[in-house]
> 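Structure provided below as structure tokens; questions to follow.
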Amino acid sequence: MAATRTFSIIKPDATRRNITGKIISKLEEGGLRVVAQKRIQMTEDQAKQFYAVHKERPFYGDLVSFMTSGPVVVQVLEGEDAVARNREIMGATNPADAADGTIRKEFAESIEANSVHGSDAAETAKEEIAFFFTEDEIVG
Ligand code: ADP
Ligand code: MG
């Protein structure tokens with residue numbers, strides 16, 4: 001199967017605890033390759049737009065505050081079946097439900113501060129990558 005791409009964020013709870021390297025190691029050990037990466041401070045507008053799909057959910061306001069509470073690392077990951085592979089390595093949204101060995105099981109603080117974001121489908125991956133990166137910033 002050909003290599004595909006997905007979009008990933010290392011969230012503020014993880015940058016705050018200085019564990020970005022540990023998280024990237026999990027992704028690499030799981031068979032994914034970082035082909036674009038930058039550490040940014042997300043603006044409120046960016047966070048609102050990025051999570052617009054959740055705007056009717058009760059946690060939306062808190063999520064926007066959390067995602068802008070410190071730096072994040074946005075990255076493009078490449079590998080076989082990258083979207084699904086990344087979700088597998090991340091584990092379930094709620095760390096209490098996440099499988100052993102997953103990033104969220106090992107590192108997440110809570111269902112909100114759960115250390116990583118990963119695209120949920122090929123189409124959203126494409127949109128999310130384009131939201132943060134230009135094609136010439138992606139170097140496979
Ligand atoms: P995932 O990140 O696993 O795709 P969702 O897309 O459902 O999960 O939610 C987006 C993000 O919103 C989650 O990663 C988490 O940070 C936050 N979130 C989801 N559900 C809740 C909740 N019930 N309470 C607080 N925050 C939540
Ligand atoms: Mg999601």
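Residue numbers start at 1 and run along the sequence shown. Any value given below was found using the heavy atoms of this structure, including those in side chains, with hydrogens, waters and symmetry copies removed. In each ligand, atom 1 is the first atom listed, and ligand 1 is the first ligand listed.
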> Using a strict cut-off of less than 4.0 Å between a Lys/Arg side-chain nitrogen and an Asp/Glu carboxylate oxygen, indicate whether E106 and K22 qualify as a salt bridge.
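No salt bridge links E106 with K22.
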
> Measure up the H117 and F50 rings against each other and bin them: parallel (under 30°), tilted (30 to 60°), perpendicular (over 60°).
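H117 and F50: perpendicular rings.
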
> Is K26 paired with E29 through a side-chain N to carboxylate O contact shorter than 4.0 Å?
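The answer is no: the pair does not qualify as a salt bridge.
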
> So, are E78 and R5 salt-bridged, with charged N and O less than 4.0 Å apart?
yes

> Hey, does N114 come in under 3.5 Å of ligand 1, counting only N/O atoms on both sides?
yes

> In ligand 1, which numbered atoms sit nearer than 4.0 Å to a non-hydrogen atom of R104?
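Reading through ligand 1 atom by atom, the close ones are 1 (P), 2 (O), 3 (O), 14 (O).
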
> So, regarding R87 and ligand 1 (criterion: nitrogen or oxygen to nitrogen or oxygen, under 3.5 Å), is there a contact or not?
yes

> Is it possible for you to check whether K11 lies under 6.0 Å from the centre of the six-membered ring of F107, through NZ or CZ, and within 45° of that ring's axis?
no

> Of the protein's non-hydrogen atoms, which lies at the shortest distance from atom 25 (C) of ligand 1, and what is that distance?
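Result: F59 CB, 3.5 Å.
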
> Which option, H117, E112, H54, owns the non-hydrogen atom nearest atom 5 (P) of ligand 1?
H54

> Pull out every atom of ligand 1 sitting under 4.0 Å from any heavy atom of K11, numbered as shown with elements.
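Those of ligand 1 that fall under 4.0 Å from K11 are 13 (C), 14 (O), 15 (C), 16 (O).
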
> Specify the protein heavy atom at minimum distance from atom 11 (C) of ligand 1: its residue, its atom name, and the distance to 0.1 Å.
L63 CD2, 4.0 Å

> Take every heavy atom of I111, measure it against each atom of ligand 1, and state whether any distance is under 4.0 Å.
yes

> For residues D13 and R17, report the shortest heavy-atom separation together with the two atoms involved.
OD2-NH2, 2.6 Å

> Among the clusters formed by ILVMFWY side chains lying less than 4.5 Å apart, do V73 and V76 turn up in the same one?
no

> Nearest heavy atom to atom 3 (O) of ligand 1: which of D13, T93, V64, V53 does it belong to?
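Closest candidate by heavy-atom distance is T93.
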
